[in-house]
Participant: 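Here it is: the structure, laid out below.
Each ligand, and each atom within it, is numbered from 1 in the order the structure gives.
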Amino acid sequence: MAGSARDLVSSLLVFLMMIISFSEAREFLVGGKTNAWKTPSSEYESLNLWAQNSRFLIGDSLVWNYDGNKDSVVEVRKRDYITCNTSSPIAEHKDGNTKVKLDRSGPFYFISGEEGHCEKGQKLIVVVMSAKHATRHFGIAPAPSPVDFQGPAVAPTSAAAVLHGGLMVALAGFVLLI
Ligand SMILES: *[C@@H]1O[C@H](CO)[C@@H](O)[C@H](O)[C@H]1NC(C)=O
C-alpha cells in the first residue's frame, strides 16, 4: 500500500514538473541582446547560431528589438527565406519592438524587410520542438534562461546538453544544405 502511494506521488510529481515546464512561456530576446536584429558583420554573429543554441517550445515568444524606422521583421515561408523574397509574407512587423508567439512546432522563418539586409545574412530560422520530442529528451532538464544567455554555447555538461548538441549539429547540417 505504501509502495503504491509512493508511486502515485512520484507520478504526480513528474506530471507536475511537465506542466510547469510547459506552461512557463518564455520570451527570447532575438540575438540575446538589444539591437541584435541587423546585418551580421561575420558568420559568428549570425542569428541562426544564436537560435541553434536556444531551445524553443510551443508557447514561447520571440522579441525583436530594433529601430522601427530603419528595419522590419518579415515572417516568410521557407522558399522566400532562401531567396530573400518579401513580396508575399506571412506577417510583417515594423514597430521596433516585435513580439511573435511560437504557437506551433516546426520551423519559423524570418528575414529583414529592409532592402539588401536579408541577402547580407539578416535572417533567422527558429525551430520549435514538438511537445513529444521535448518531453522525451528535455522534459526534466533545466531550460537555458533566455535572459542569461549572452554568448556562444558552453561545452555540453549533461546528457540533455549532449542531445541538444546533436540537434544543433543536425540543424547546422540542415542550414548548410539549404
Ligand atoms: C517573389 O515571390 C513572388 C510571389 O511568391 C513571385 O511572384 C516572385 O516572382 C518572387 N520574386 C523573385 C525575385 O523570386
Participant: Quick one: which of Thr98, Asp67, Leu124, Asn65 gives a side chain to side chain contact (heavy atoms under 4.5 Å, CB included) with Trp37?
Facilitator: Leu124
Participant: May I ask you to check whether Ser87 has an N/O atom sitting below 3.5 Å from an N/O atom of ligand 1?
Facilitator: yes
Participant: After noting the C-alpha distance and the side-chain angles of Ser46 and Asn48, does the key distance pass the side-chain hydrogen bond (donor to acceptor under 3.5 Å, both in side chains) rule?
Facilitator: CA-CA 5 Å; Ser46 158; Asn48 283 334; 4.6 Å; no
Participant: Is there a side-chain contact between Leu102 and Phe28 (heavy atoms, below 4.5 Å)?
Facilitator: no
Participant: Look up atom 2 (O) of ligand 1 and tell me if a protein heavy atom lies less than 4.0 Å from it?
Facilitator: yes
Participant: What atoms of ligand 1 come within less than 4.0 Å of a heavy atom belonging to Arg79?
Facilitator: 5 (O)
Participant: Please work out whether any backbone atom (N, CA, C, O) or any side-chain heavy atom from C-beta onward of Arg77 is under 4.0 Å from ligand 1, and answer side chain, backbone, both or neither.
Facilitator: neither
Participant: What are the atoms of ligand 1, with element, lying closer than 4.0 Å to any heavy atom of Ser88?
Facilitator: 4 (C), 5 (O)
Participant: If I compare all heavy atoms of Tyr66 with all of Asp71, which pair ends up nearest, and what's the gap?
Facilitator: CE1-O, 3.4 Å
Participant: Is the closest protein non-hydrogen atom to atom 9 (O) of ligand 1 under 4.0 Å?
Facilitator: no
Participant: So which of Thr83, Asn85, Ile82 gets nearest to atom 13 (C) of ligand 1, if we judge by its closest heavy atom?
Facilitator: Asn85
Participant: Looking at every heavy atom in both Asp80 and Ser88, which two are closest together, and how far apart are they?
Facilitator: OD2-OG, 3.4 Å
Participant: Would you call the rings of Tyr109 and Tyr81 parallel, tilted or perpendicular, where under 30° means parallel and over 60° means perpendicular?
Facilitator: tilted
